[in-house]
Amino acid sequence: MPHLQLRDYEPYRAERTHGPGQVDRTRCAPASLSDMIRRGSGRRVRGEPTFGPQRALITASFVNRVGNGLFNTAAVLYFTCVVHLPATQVGAGLTIAGLSGLAAGVPAGNLADRYGPRTIWLTALALQAATMAAFVLIDSWLAFTLVATVDRLAATAGGAAGGALIARAGGERPAAFRARLRTFVNLGVVVGTLGAACAIQINTRPAYTGLILANAASFACAGLIAFLGVPDYRPLPRPEEHRQWSVLADRPYLSFVALYSAMGLQYQTVSLLLPIWLTAHTDAPRWTVAAVYAINSGVCALLQSRLGAKVETPRQGGRAFRLAGLLFLISCPLMALTADVPAWVAPALAVLAVCVHSVGEVWESSGGFALGFGLAPDHAQGQYQGLFGIGFDAGQALAPVILTGAVLALGHTGWLFLGAFFAGLGAAGPPVAAWAERNRPGKPGTEASARRRHGESPLPEADCRG
């Protein structure tokens, strides 16, 4: 876990508007529980700091991801060994559910923009709690596929609304907040995975059922924490030209989503491609596979807050993307070389490659956050985050086919092509960011942008009455 210092949370400031153009910035103490409850009920507390909502979102996300780690690690074993569904049917059902779930992204984002992101996020969490609990009752492939599809629709909707909620709670240092959030999300998955290992070792129906119900409870707990600690942000005023599918006409943002989705192959390079390579093409001991998982998670958790907080603007995000591509250009050939060294050298080389790759992952995710949130209009964050999530999920769905079918088939050459592919994507980051910024209607860092982040109208008070 990274060492979080008090200065990482400073300054916690709130804005009190006395009139048009008059803003008094005052240092505030951390929120009390009563303040959190009042904000959770939808009443804005004058002089509230941004730290309270951020802390609540981080806590809710951590709890939720602990549950995800519990379930995802053992899900396939539960459906195949306990429910006795064939592995091919489980795979087919998950594919159908995953593809169907993509349809909810933009519509749910539009609902978040229109009615407020917290309402849609809480609804999605409640639906996922119900569908997760329903998994313990299924006894057929059709029931499994239907429940999994509803779960994926809710997950996609929650991702779009959650992205908009993160954008509104970002405060004056959104990059630092998102970096801390991702750090604790990673830690939550690790904790959940360790817990799932115990159930897998026990290997009984009650043990697996306990994991599923614990995941269902994590959704409910996350929703309760968000209800108590996160404000019910009002929808922001929308310009006349706004449309429900405006994001599809935003070519710079579409280009960024395509870029980020393709770069997302790097996640499964460590989680899927490298373990297969180490097992089939090297003499490295089997524990090397577990070691690279642990090191990847550890490096990301240690560095995310430190490096991610430095990537605030879209231009910085583009440069972070370029740096990530260069690091992947180094790490992929190193991974390939593990097949050409003695068995006692291969683990050390794999660890070195994963360390380099993990630093690149931190820069890539930080750049993705800066561009994904920074290029989206404040009034349409839900819609834009919905498309962002669709693109990423689609890329992850295609990753196994691309990585195993192309890279493994070409061997060492495939690894070199993969590294060059990532470097090329990274090089496109700065020009895409510059192009997108030229097409933004407003500039970042303005007073209006700061007021939007605090949930206030970006218009002068006198202009909001009519």
Side-chain angles (χ1 to χ4, degrees), residues 95 98-99 101-102 105-106 156 159-160 163 182 247-248 250-274 276-277 296 300 311 314-333 335-336 353-354 356-376 384-410 413-436:
T95 299
L99 293 176
L102 298 179
V106 175
T156 304
R182 189 169 189 269
V247 65
L248 298 182
D250 191 336
R251 289 182 296 173
Y253 197 83
L254 288 174
S255 300
F256 157 68
V257 170
L259 195 69
Y260 188 76
S261 301
M263 187 72 98
L265 293 176
Q266 64 88 8
Y267 290 100
Q268 296 199 36
T269 298
V270 173
S271 64
L272 174 68
L273 184 60
L274 181 59
I276 295 175
W277 181 262
N296 176 242
C300 290
V311 186
R315 287 186 182 273
Q316 291 173 337
R319 291 194 291 269
F321 232 66
R322 180 174 58 197
L323 178 56
L326 293 175
L327 289 170
F328 296 148
L329 179 61
I330 297 172
S331 66
C332 287
M335 293 178 188
V354 168
V356 174
H357 195 93
S358 300
V359 176
E361 180 179 327
V362 172
W363 284 116
E364 181 262 356
S365 63
S366 301
F369 284 143
L371 289 162
F373 287 93
L375 298 180
Y384 275 65
Q385 298 313 313
L387 181 68
F388 188 24
I390 289 174
F392 180 78
D393 289 343
Q396 294 302 294
L398 294 174
V401 175
I402 296 173
L403 294 177
T404 60
V407 178
L408 283 181
L410 294 173
T413 303
W415 282 102
L416 294 176
F417 278 140
L418 184 63
F421 175 69
F422 287 142
L425 293 174
V432 167
W435 176 33

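Index from 1, following the sequence. The analysis underlying the following values was restricted to heavy atoms, covering all of them including side chains, and did not include hydrogens, waters or symmetry mates.
Atom-to-atom distance recorded for R322:CZ and L326:CG is 8.0 Å, nearest 0.5 angstrom. Rounding to the nearest 0.5 Å gives a distance of 8.0 Å between CG of L265 and CG of L425. With values rounded to the nearest 0.5 angstrom, Q396 atom CD is found 10.5 Å from L272 atom CG. Atom CD in Q268 sits 10.0 Å away from atom CG in L398 (nearest 0.5 Å). Atom CG of residue L408 and atom CH2 of residue W415 lie 7.5 Å apart, to the nearest 0.5 angstrom. If you take OG1 on T269 and CG on L403, they are separated by 5.0 Å, rounding to the nearest 0.5 Å.
Put simply, the side chain of V407 does not reach to within 4.5 Å of the side chain of F417, judged on heavy atoms. Side-chain contact check for V106 versus I390: some heavy-atom pair is nearer than 4.5 Å. Looking only at side-chain heavy atoms (C-beta outward), Y384 and D250 come within less than 4.5 Å of each other. Side-chain contact between W435 and S255 is present, with heavy atoms from C-beta onward closer than 4.5 Å. In this structure, the side chains of L416 and C332 stay at 4.5 Å or more apart for every pair of heavy atoms. Residues L327 and H357 fail the side-chain proximity criterion, which asks for heavy atoms closer than 4.5 Å. Put simply, the side chain of L418 does not reach to within 4.5 Å of the side chain of Q266, judged on heavy atoms. Between V354 and L274 the shortest side-chain heavy-atom distance falls below 4.5 Å.
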For a side-chain contact (heavy atoms from CB on, under 4.5 Å) check, start with the C-alpha distance between L273 and W277, then their side-chain angles and the critical distance, and finish with the verdict. CA-CA 6 Å; L273 184 60; W277 181 262; 5.5 Å; no
Pair Y253-V247, side-chain contact (heavy atoms from CB on, under 4.5 Å): steps then yes or no: CA-CA 7 Å; Y253 197 83; V247 65; 4.0 Å; yes
From CA spacing to verdict: side-chain contact (heavy atoms from CB on, under 4.5 Å), M335, V270: CA-CA 10 Å; M335 293 178 188; V270 173; 4.2 Å; yes
Tell me, with the steps shown, if F421 and F328 meet side-chain contact (heavy atoms from CB on, under 4.5 Å). CA-CA 9 Å; F421 175 69; F328 296 148; over 6 Å; no
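Of the options F321, Y260, F256, a side-chain contact (heavy atoms from CB on, under 4.5 Å) to V432 is made by F256 and by none of the others.
Smallest separation of non-hydrogen atoms from V362 and C300: CG2-CA, 3.9 Å. Annotation for A433 and P314: closest pair CB-O, 3.5 Å, computed over non-hydrogen atoms. Nearest heavy-atom pair across F373 and G163 is CE2-O, 2.9 Å. The two atoms that bring R315 and A434 nearest to each other are NH1-CB, 3.9 Å, heavy atoms only.
Between R182 and E361 there is a salt bridge, since at least one side-chain N of the basic residue sits less than 4.0 Å from a carboxylate O of the acidic one.
Checked by atom type and distance alone, the side chain of S331 never pairs as donor or acceptor with a backbone atom of A353 at under 3.5 Å.
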